[in-house]
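As structure tokens, the structure follows; a few thoughts come after it.
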Amino acid sequence: MRYSQYFIPTVKETPSDAEVVSHKLMLRAGMIRKLAAGIYNYLPLGLRSIRKVEQIVREEMNRAGAIELLMPSVQPAELWQESKRWEQYGKELLRFKDRKDAEFCLGPTHEEVITDLVRREVKSYRQMPLNLYQVQSKFRDEIRPRFGLMRGREFIMKDAYSFDVSSEAADISYDKMYQAYRRIFQRCGLRFRAVEADTGSIGGSSSHEFMVLADSGEDAIVSCTACEYAANVEKAEARLFPPEHAEPRELEKVETPQKRSVEEVTAFLGIPASSLVKTLLCVADGEPVAALVRGDHDLNEIKLKHLLGCEELEMASEEVVERVTGAPVGFAGPVGLKIKIVADLVVQGMKNFVTGGNARDLHFKNVNIGRDFTPALIADIRNVVHGDPCPRCEAGHLEMWRGIEVGHVFKLGTKYSESLRATFLDADGKEQVIFMGCYGIGISRTVAACIEQNHDADGIIFPIPIAPFHCIISAVSTKDAEVMAACDELYRALTAVGVEVLFDDRDERPGSKFKDADLIGIPLRIVVGSKNLAEGKVELKYRKSGEVSLLTLAEAVETVKGLVVAALNQ
RNA sequence: CGGGGCGUAGCGCAGCCUGGUAGCGCACCUGCUUCGGGAGCAGGGGGUCGGAGGUUCAAAUCCUCUCGCCCCGACCA
């Protein structure tokens with residue numbers, strides 16, 4: 001492709017409404033343009049990267065036995081009413097009516113449609129296992145779209161759905177997808193982790209998220225230094241700490257004027273945060289609950305929600321706190337509380353700790369479980385922290401990472417097949433409910449995540465497998481006929497061996513070309529200038545390392561070909 | 001939805017407080033020079049100042065309403 005004939009509108013200045021690196025760089029590199037909040041045009045360069053990811057996804061899905069189809073983005077309300085999600089999904093589901101006043105929505109996901117299709121067509125155990133997938137635009141009317149393609153309202157997603165005759169068979173389908181996903185992100189050239197995850201509103205029994213590692217990631221994840229354990233912090237299990245051995249001392253009241261936060265109280269009393277127990281008041285389905293965690297730990301609301309089995313869990317308002325504790329916010333404690341108390345596992349092992357005193361400017365010292373209060377439940381309700389012992393092995397501890405969720409696999413069980421009555425006849429002629437799994441990959445988000453992970457001050461640094469072009473040829477002077485002839489030759493030779501080449505034949509100054517090449521992140525660059533060409537040489541520069549080598553034309557072609565082939569076959 | 005901010009040329013911004021000829025940089029067009037890390041000089045085109053209403057002799061500027069966008073929060077396969 002000749003740059004002068006192509007469409008890559010790069011910009012020098014960063015548009016003011018971009019916050020994160022991938023958004024800024026995709027705008028600057030001319031990959032995307034915003035059409036409306038959270039809705040983007042994919043320009044040629046951006047589309048090429050998206051197509052690369054799609055292609056890898058298709059190949060691996062097909063290899064794993066999944067079959068591609070395409071479902072509509074507009075879906076009738078009836079299906080969503082049948083699965084009860086018309087009510088549950090909330091405003092994120094964009095709804096509208098057609099001319100006959102019939103209700104529709106833009107599909108944020110396709111469980112309903114696929115289940116409807118399958119329940120009509122799959123009647124026998126002989127038709128399974130079946131795994132159907134599509135690559136489609138999804139629409140979710142996010143409360144606050146942000147970060148460009150990272151969290152748009154419209155985005156491209158690959159979603160797959162597996163149908164099996166039993167839970168065991170569904171596990172096999174799940175495992176195939178899990179392995180396919182590992183290969184997909186490996187082939188994309190991304191550093192990632194597959195982590196155990198909470199299933200959220202999709203439901204189902206278990207799930208893994210695929211996280212691209214990047215400091216700017218919205219999710220916190222942990223992995224073990226010794227074994228394979230890795231999990232989203234939302235889900236990561238904490239192991240029991242060895243209990244403290246200390247004689248309980250006498251309960252003591254202590255004045256703590258104006259000292260509300262953990263920092264203030266511990267500084268005032270001269271104790272570490274780990275000697276204090278925070279009492280967090282929540283409201284679970286309308287009922288107030290006190291959650292106790294060590295002063296330097298954070299409550300994990302998802303764990304608490306699962307433990308209590310409630311639908312809604314929120315932090316209590318000031319009024320509720322005052323009503324329940326009789327004190328302003330900042331002085332809540334378990335001693336004398338009349339509501340349900342849930343203590344974290346770590347708190348169970350603590351002795352002689354500090355808590356709020358349920359009165360203004362008052363705390364207790366030497367509080368002990370059992371003597372001073374009795375929790376209704378003791379369970380793991382905190383977020384794990386860096387350095388925690390691994391819950392699965394003896395040797396390791398947990399490391400923290402930031403990650404961007406690009407893929408998610410779920411075992412759905414029979415949640416949708418039951419509500420939509422997707423059944424089949426087994427070998428004995430008995431009616432059974434189909435076991436399902438669903439598997440998503442945010443295609444457009446993967447490109448953005450890739451950029452979050454791979455960039456520098458000059459721009460994007462694409463890994464070869466998802467770069468819009470593998471190689472860029474920069475002609476230093478377009479007026480020099482020999483230079484242009486050498487470029488043409490390189491272009492032909494590289495294209496002939498399957499390398500995707502962008503030939504920068506623009507009549508621009510070299511500096512501008514180099515800046516653009518760096519910005520759009522083409523991994524390999526061949527610079528053809530008259531000085532080196534007089535020696536029969538061209539320059540090959542690696543975008544990632546900045547390394548430069550002088551090569552003959554033939555050597556350059558061989559080297560680039562070798563690098564590209566190696567990267568695509570990894 | 002709560003809090004904050006911004007809408008002025010394609011992009012980035014100044015002008016607004018204190019009303020009186022709409023500006024700067026980049027980009028774009030023409031010419032000359034230049035040509036290995038976003039060139040220089042000269043000339044040029046382009047703006048209903050987000051929209052509506054009001055105050056005023058006069059509104060980008062003051063007031064009211066409205067729309068859009070961004071940030072923080074709650075929310076989130």
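Just so it is clear: chains get the letters A, B, ... in the order the sequence lines come, proteins before strands, and each one is counted from 1. Values reported hereafter were calculated over all heavy atoms of this structure, with side chains retained and with hydrogens, waters and symmetry mates removed.
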| message | So that I can tick it off, tell me whether A:Asp456 and A:Arg543 are bridged by a salt bridge, with the cut-off set at under 4.0 angstrom between side-chain N and carboxylate O. | response | yes

| task | Using a 4.0 Å heavy-atom cut-off across all strands, classify A:Ser16 as base, sugar-phosphate, or nothing. | result | sugar-phosphate

| request: Would you classify A:Glu314 as touching base, sugar-phosphate or nothing, given that sugar-phosphate means primed atoms plus P, OP1 and OP2, and contacts are heavy atoms under 4.0 Å? | output: nothing

| message | Under a 3.5 Å cutoff, is there a donor and acceptor pairing between the side chains of A:Ser162 and A:Tyr439? | response | yes

| message | If we count only N and O atoms by modelled type, under 3.5 Å, do the side chains of A:His110 and A:Lys138 hold a donor and an acceptor together? | response | yes

| message | Under a 3.5 Å cut-off for both contacts, is B:G12 paired Watson-Crick or G-U wobble with anything, and if yes, with which nucleotide? | response | B:C24

| said: Measuring from the side chain of A:Arg28 (C-beta onward, heavy atoms only), which nucleotide among B:G38, B:G37, B:G12 has the closest atom? | reply: B:G38

| message | When you compare the side chains of A:Asp159 and A:Gln134, does any donor N or O come within less than 3.5 Å of an acceptor on the partner? | response | yes

| Who pairs with B:U48 - Watson-Crick or G-U, where each distance is under 3.5 Å | none

| message | Check the orientation of A:Tyr40 and A:His23. Use parallel for under 30°, tilted for 30 to 60°, and perpendicular for over 60°. | response | perpendicular

| message | Measuring only the P atom in each nucleotide, how far is B:G50 from B:C17? A whole number of Å is fine. | response | 15 Å

Any protein N or O atoms within reach of nucleotides 71-73 of chain B? Criterion: under 3.5 Å, listing atom names and distances.
from: B:C72; atom 1: OP2; to: A:Arg144; atom 2: NH1; distance (Å): 2.8
from: B:C72; atom 1: OP2; to: A:Arg144; atom 2: NH2; distance (Å): 2.6

| said: My understanding is that only one of A:Glu112, A:Glu78, A:Gln81 makes a side chain to side chain contact (heavy atoms under 4.5 Å, CB included) with A:Trp86; could you say which? | reply: A:Gln81

| field | Base-pairing mate for B:C17 - Watson-Crick or G-U, with both contacts under 3.5 Å | value | none

| request: Would you indicate what A:Asp516 reaches in the nucleic acid, counting non-hydrogen atoms under 4.0 angstrom: base, sugar-phosphate, or nothing? | output: base

| message | When the C1' atoms of B:U48 and B:G7 are compared, how many Å lie between them, rounded to an integer? | response | 15 Å

| said: Can you check the distance between B:A52 and B:G43, where both ends of the measurement are the P atom (answer in whole Å)? | reply: 37 Å

| Rounding to the closest angstrom, what is the interatomic distance between B:A27 and B:U64 at atom P? | 41 Å

| Nucleotide paired to B:C6 in any strand shown, Watson-Crick or G-U, under 3.5 Å | B:G68

| A:His208 and A:Tyr181 side chains, donor-acceptor separation under 3.5 Å | no

Show me the protein contacts with nucleotides 23-31 of chain B, counting only N or O atoms at under 3.5 Å.
from: B:G25; atom 1: N2; to: A:Glu13; atom 2: OE1; distance (Å): 2.9

| said: Work out how far the C1' atom of B:G47 is from that of B:C11, and round it to whole angstrom. | reply: 14 Å

| message | We want to know whether A:Asn131 and A:Tyr133 form a side-chain donor-acceptor pair, criterion being a heavy-atom distance below 3.5 angstrom. | response | no

| said: For a quick check of understanding: with a heavy-atom distance under 4.0 Å over all strands, which category does A:Asp159 fall into, base, sugar-phosphate or nothing? | reply: nothing

| request: Would you kindly compare A:Phe514 and A:Gly442 by the position of their nearest RNA chain B nucleotide and give the one closer to the 5′ end? | output: A:Phe514

| request: Would you tell me whether A:His408 and A:Glu405 have side-chain atoms, one donor and one acceptor, within less than 3.5 Å of each other? | output: yes

| remark: B:C41 -> Watson-Crick or G-U wobble partner, both distances under 3.5 Å, gives B:G31

| field | Side-chain donor-acceptor pair present, A:Tyr416, A:Arg85, cut-off under 3.5 Å | value | yes

| note | Under a 4.0 Å heavy-atom cutoff, the residues of residues 517-530 of chain A touching RNA chain B are A:Asp518, A:Leu519, A:Arg525, A:Val527, A:Gly529

| Any-strand Watson-Crick or G-U partner of B:A60, both distances under 3.5 Å | none

| Between B:G37, B:C35, B:C76, which nucleotide has the shortest distance from any of its atoms to the side chain of A:Lys479? | B:C35

| task | May I ask you to say what A:Ser474 touches in the nucleic acid, namely base, sugar-phosphate or nothing, with a heavy-atom cut-off under 4.0 Å? | result | nothing

| task | Determine the interatomic distance between P on B:G68 and the same-named atom on B:C63; round to the nearest Å. | result | 22 Å

| task | Determine, for A:Asp504 against A:Arg525, whether the closest basic-nitrogen to carboxylate-oxygen distance falls under 4.0 angstrom. | result | no

| request: Could you check which nucleotide pairs with B:C75 in any of the strands shown, counting Watson-Crick or G-U wobble with both distances under 3.5 Å? | output: none

| request: Please determine if a side-chain N or O atom of A:Lys34 lies less than 4.0 Å away from the OP1 or OP2 oxygen of B:C70. | output: yes

| Phosphate OP1/OP2 of B:A39 contacted by A:Arg509 side-chain N/O (<4.0 Å) | yes

| Can A:Glu555 and A:Thr559 be counted as having a side-chain donor-acceptor contact under 3.5 angstrom? | no

| P-based separation of B:G15 from B:U8 [nearest Å] | 14 Å

| Same-atom distance (C1') from B:G31 to B:G25, integer angstrom | 22 Å

| remark: Between A:Glu405 and A:Asp458, whichever has its closest RNA chain B nucleotide further toward 5' is A:Asp458

| query | Side-chain donor-acceptor pair under 3.5 Å between A:Tyr6 and A:Arg2, yes or no? | reply | no

| request: Identify whether the distance between the nearest side-chain nitrogen and carboxylate oxygen of A:Arg153 and A:Asp141 falls below 4.0 Å. | output: yes

